[in-house]
**Student:** 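Following this message is one structure expressed as structure tokens.
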2 protein chains.
Amino acid sequence: MSTETGTAGNGTEGGPAAVEPASRRARGRATMKDVARLAGVGIKTVSRVVNRESGVSPAMAVRVEAAVRELGYRPDAGASALRRADGRTSAIGVVVDDVANPFFAALLRAVEEVAVRHGTVVLAGSADDDGSREREVAQAFTDRRVDGLIVAPSGSAVDELGSEVDRGLPVVVVDRAVEALRVDQVLSTNELGAADAVSHLAAHGHRRIAFLGDRTSIPTARERLAGYRQALAAAGLPVDERLVAADLHGEASAEGAALALFTGLPDGTWPTALFCAQNRVTIGVVRALRRLRLEDRVAVVGFDDFPLADLLQPGVTVVAQDPTRVGTTAATLLFARIDGRAEAPRTVWVPTTLLRRGSGEIRPDGAALSAAARG
Amino acid sequence: MSTETGTAGNGTEGGPAAVEPASRRARGRATMKDVARLAGVGIKTVSRVVNRESGVSPAMAVRVEAAVRELGYRPDAGASALRRADGRTSAIGVVVDDVANPFFAALLRAVEEVAVRHGTVVLAGSADDDGSREREVAQAFTDRRVDGLIVAPSGSAVDELGSEVDRGLPVVVVDRAVEALRVDQVLSTNELGAADAVSHLAAHGHRRIAFLGDRTSIPTARERLAGYRQALAAAGLPVDERLVAADLHGEASAEGAALALFTGLPDGTWPTALFCAQNRVTIGVVRALRRLRLEDRVAVVGFDDFPLADLLQPGVTVVAQDPTRVGTTAATLLFARIDGRAEAPRTVWVPTTLLRRGSGEIRPDGAALSAAARG
DNA sequence: CTGAAAGCGCTAACAA
DNA sequence: TTGTTAGCGCTTTCAG
């Protein structure tokens with residue numbers, strides 16, 4: 001094993017050089033140079049073997065592979081990306097509102113699935129509906145030179161993203177449309193889905209249908225509100241603005257708003273049906289109806305499915321989104337861009353599905369309703 | 001925060017070449033060299049300003065900052081890590097079973113929270129209870145030279161991890177104890193929590209308490225089963241192995257197992273209470289009891305809380321884990337290691353909490369039970 | 001205080 | 001087929 005090539009010129013080494021890893025910086029990791037020395041070959045040969053390039057004699061390959069195993073060598077992906085012509089890091093970033101939100105968690109998982117097939121790791125970050133944090137997260141990712149970004153934009157921080165797009169960074173927007181960005185977008189049919197939900201209620205005889213929704217700073221919330229208005233118009237129903245509770249945030253405020261609908265309004269003007277434009281809003285509303293013992297009297301349809309919605313009593317009828325499909329589609333589009341597809345940006349609409357479970361099929365019953373709430 | 005808008009540099013040298021980014025590999029990104037050229041300073045001065053090192057004259061700093069802004073310069077974290085003495089990448093990896101599982105999603109979120117405070121990004125990966133995939137994910141992360149790893153081990157793939165630990169990679173194990181690894185571990189009190197649940201049922205008069213649990217290849221499943229046996233012993237109750245359904249996987253098999261308990265056993269030997277050792281098992285069991293219309297007759301306590309457990313009827317009593325605390329603790333321990341703490345590995349037990357919601361407080365009622373199931 | 005040179009671990013381009 | 005040289009973008013070392 002006396003394989004001193006003499007050309008190393010590495011001043012920092014010493015002792016049993018062949019076995020001893022060269023650098024403590026790399027946490028005791030062997031480098032390509034170490035492998036080359038142990039195998040008695042040039043460093044480029046090691047590179048060829050490690051990257052499975054052709055044009056290496058079997059004998060050499062065997063020697064190198066043995067050295068690789070002996071040293072437990074693993075290539076440094078960062079160093080590789082730095083030097084490589086295409087500069088690819090085989091990492092992508094996913095920026096969502098909250099990775100713990102079931103919708104985004106499922107989306108993240110779907111993205112990961114596609115990413116592993118592309119030998120790519122996933123950086124995940126939560127923006128918490130905060131533009132500046134979104135910017136920071138996205139920047140932290142681009143600072144690491146990710147190959148691409150999947151973003152559910154919070155709304156405001158789009159400009160920074162725009163400059164990355166202009167630089168040529170592949171970006172796919174999910175969940176929330178951003179007109180200003182010329183990138184692929186994968187969106188649920190928010191307006192259509194909301195209209196479906198409200199039409200469904202109207203078809204069951206409801207004429208006083210309330211809207212409870214998320215902050216209107218969020219595009220999806222606005223689209224769902226638009227769908228609500230559109231469906232009312234289509235059904236020939238007037239919009240009573242007292243029945244529109246937008247700008248809710250979280251379960252608690254939704255619960256409060258729902259209670260207010262039945263306590264703050266004059267008798268007889270109460271809604272007989274509620275359309276809940278978001279996940280957590282729906283849950284808050286269900287809580288409120290339970291407290292009022294109205295869960296079997298007032299119809300409810302929610303936008304976005306949630307686990308156990310079918311096990312509640314009554315089961316909660318929802319317009320379900322498909323986060324897995326959104327994630328899969330977004331990731332597929334992203335990798336197509338990363339691999340060089342240069343077509344015009346495309347927007348893919350992922351359809352929603354109405355799931356009838358009981359709460360949305362309750363028919364209006366004004367008299368019983370007043371009595372129940374009063375008692 | 002200088003309020004100066006350093007436009008002073010205008011007109012000083014340049015030409016188009018100074019604005020033109022040097023490298024197309026970097027996707028049209030300016031490099032330090034570009035900034036240095038535009039500012040008319042040495043590259044090291046740029047490095048000092050960018051890294052906020054001391055010993056730069058204010059005038060220089062202003063010029064450099066102006067050039068940084070003009071070019072939209074952002075340092076390449078990868079290149080920086082490659083050269084830096086400590087080799088830190090400011091990235092950590094989190095390997096769990098499934099990032100879409102609410103327990104792990106919450107854990108991931110908690111880890112992320114700590115990580116951002118340390119200026120660190122999070123690589124997330126799902127191992128899907130598959131040892132070889134776990135190995136691949138962890139390896140993909142270490143190939144990127146993450147500063148540390150948080151892993152919920154699937155059980156088998158621990159050896160590879162061990163060699164990373166030996167190399168000095170900071171690793172924290174969460175959720176599932178691994179005796180063989182000398183690393184920090186953050187675990188829920190599985191055995192104790194399970195025993196609590198069963199004792200709670202016994203205290204409510206139950207003598208025939210069934211166990212329904214996850215695959216026993218998973219350490220946590222074994223610990224919870226041990227807690228079950230221990231609590232029965234403590235209560236002076238015999239273990240009837242016909243009431244022990246382990247090795248379930250997923251909701252469907254849990255539902256089937258629960259049904260079997262009430263159809264496959266002789267009359268009078270049915271359980272009056274069920275302990276469900278895992279999230280999805282609990283949900284499957286609830287489904288089964290609904291089908292049998294036994295939900296108000298048979299007591300249920302689940303291990304691990306889940307959203308809406310309180311909104312079911314009856315509310316589902318659970319022994320809740322605290323994934324956020326697990327994640328926060330694990331991340332805190334990890335960063336302490338990354339920052340050089342060299343104490344002996346520590347195991348932190350995160351306590352579980354019994355949440356009484358109704359289903360666990362049902363008292364045994366054998367006669368009614370037989371009748372109901374028969375009808 | 002400032003900058004030139006060296007080199008992290010690797011791949012690209014070009015010898016041999 | 002193999003190896004040598006250069007250099008990715010950055011930090012370190014060390015000389016001005």
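In what follows, chains are A, B, ... by sequence order, proteins preceding strands, each numbered from 1.
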**Student:** With A/Thr89, which residues qualify under side-chain hydrogen bond (donor to acceptor under 3.5 Å, both in side chains), at least two apart?
**Tutor:**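 Per chain and number, A/Thr89 pairs via side-chain hydrogen bond (donor to acceptor under 3.5 Å, both in side chains) with A/Asp147.
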**Student:** Tell me, please, which residues at least two apart from A/Arg74 pass salt bridge (Lys or Arg N to Asp or Glu O under 4.0 Å).
**Tutor:**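 Partners of A/Arg74 under the salt bridge (Lys or Arg N to Asp or Glu O under 4.0 Å) test: B/Asp143.
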**Student:** If you check the B/Asn51 side chain, which of C/dC10, D/dG9, D/dT11 turns out closest?
**Tutor:**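 Of all the options, the side chain of B/Asn51 is nearest to D/dT11.
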**Student:** Say you draw a straight line from OG of A/Ser154 to CZ of A/Arg135; how long is it, rounded to the nearest 0.5 Å?
**Tutor:** 8.0 Å
**Student:** Dump every N/O contact between nucleotides 4-6 of chain C and the protein below 3.5 Å, one line per pair.
**Tutor:**
none

**Student:** Only counting residues at least two apart or in another chain, list the ones meeting side-chain hydrogen bond (donor to acceptor under 3.5 Å, both in side chains) with A/Asn51.
**Tutor:** A/Ser47
**Student:** Is any side-chain nitrogen or oxygen of B/Thr45 closer than 4.0 Å to OP1 or OP2 of C/dT2?
**Tutor:**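 No, no such contact exists.
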**Student:** For the helix from C/dC1-D/dG16 to C/dA16-D/dT1, figure out the bend between the end axes, five pairs an end, and round to 10 degrees.
**Tutor:** 40°
**Student:** Applying side-chain hydrogen bond (donor to acceptor under 3.5 Å, both in side chains), can you list everything that pairs with B/Thr120, at least two apart in sequence or on another chain?
**Tutor:**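 With neighbours one apart ignored, the set is empty.
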**Student:** For A/Val137, give me all partners under side-chain contact (heavy atoms from CB on, under 4.5 Å), at least two apart in sequence or on another chain.
**Tutor:**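 Partners of A/Val137 by the side-chain contact (heavy atoms from CB on, under 4.5 Å) criterion, ordered by chain and then number, come out as A/Val95, A/Arg133, A/Phe141.
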**Student:** Kindly write out the residues that satisfy salt bridge (Lys or Arg N to Asp or Glu O under 4.0 Å) with B/Arg109, not counting sequence neighbours, or none if the list is empty.
**Tutor:**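 Listed in chain order: A/Asp98, A/Asp128, B/Glu113.
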**Student:** Within less than 4.0 Å of OP1 or OP2 of C/dT11, is there a side-chain N or O belonging to A/Ser47?
**Tutor:**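 Yes, within the criterion.
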**Student:** At a heavy-atom distance below 4.0 Å, what parts of residues 52-61 of chain B sit against DNA chain D?
**Tutor:** none
**Student:** Sequence neighbours left out, what pairs pass side-chain hydrogen bond (donor to acceptor under 3.5 Å, both in side chains) with at least one residue falling in residues 329-342 of chain A?
**Tutor:**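 Checked against side-chain hydrogen bond (donor to acceptor under 3.5 Å, both in side chains) - neighbours excluded - the pairs reaching residues 329-342 of chain A are A/Arg88-A/Asp339, A/Asp184-A/Arg337, A/Asp184-A/Arg341, A/Arg341-A/Glu343.
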**Student:** Return the set of residues passing ring pair (Phe, Tyr, Trp, His ring centres under 6.0 Å) with A/Phe335 (not counting sequence neighbours), or none when no residue passes.
**Tutor:** A/His118
**Student:** Taking the minimum atom-to-atom distance to the side chain of B/Val41, which one of C/dT11, C/dG3, D/dT12 wins?
**Tutor:**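 Per side-chain heavy atoms of B/Val41, the pick is C/dG3.
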**Student:** Taking the side chain of B/Ala85 as heavy atoms from C-beta outward, which of D/dC10, C/dC10, D/dT12 is closest to it?
**Tutor:** D/dT12
**Student:** Output all residues satisfying side-chain hydrogen bond (donor to acceptor under 3.5 Å, both in side chains) with B/Asp97, sequence neighbours left out; order by chain, then residue number.
**Tutor:**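 With neighbours one apart ignored, the set is empty.
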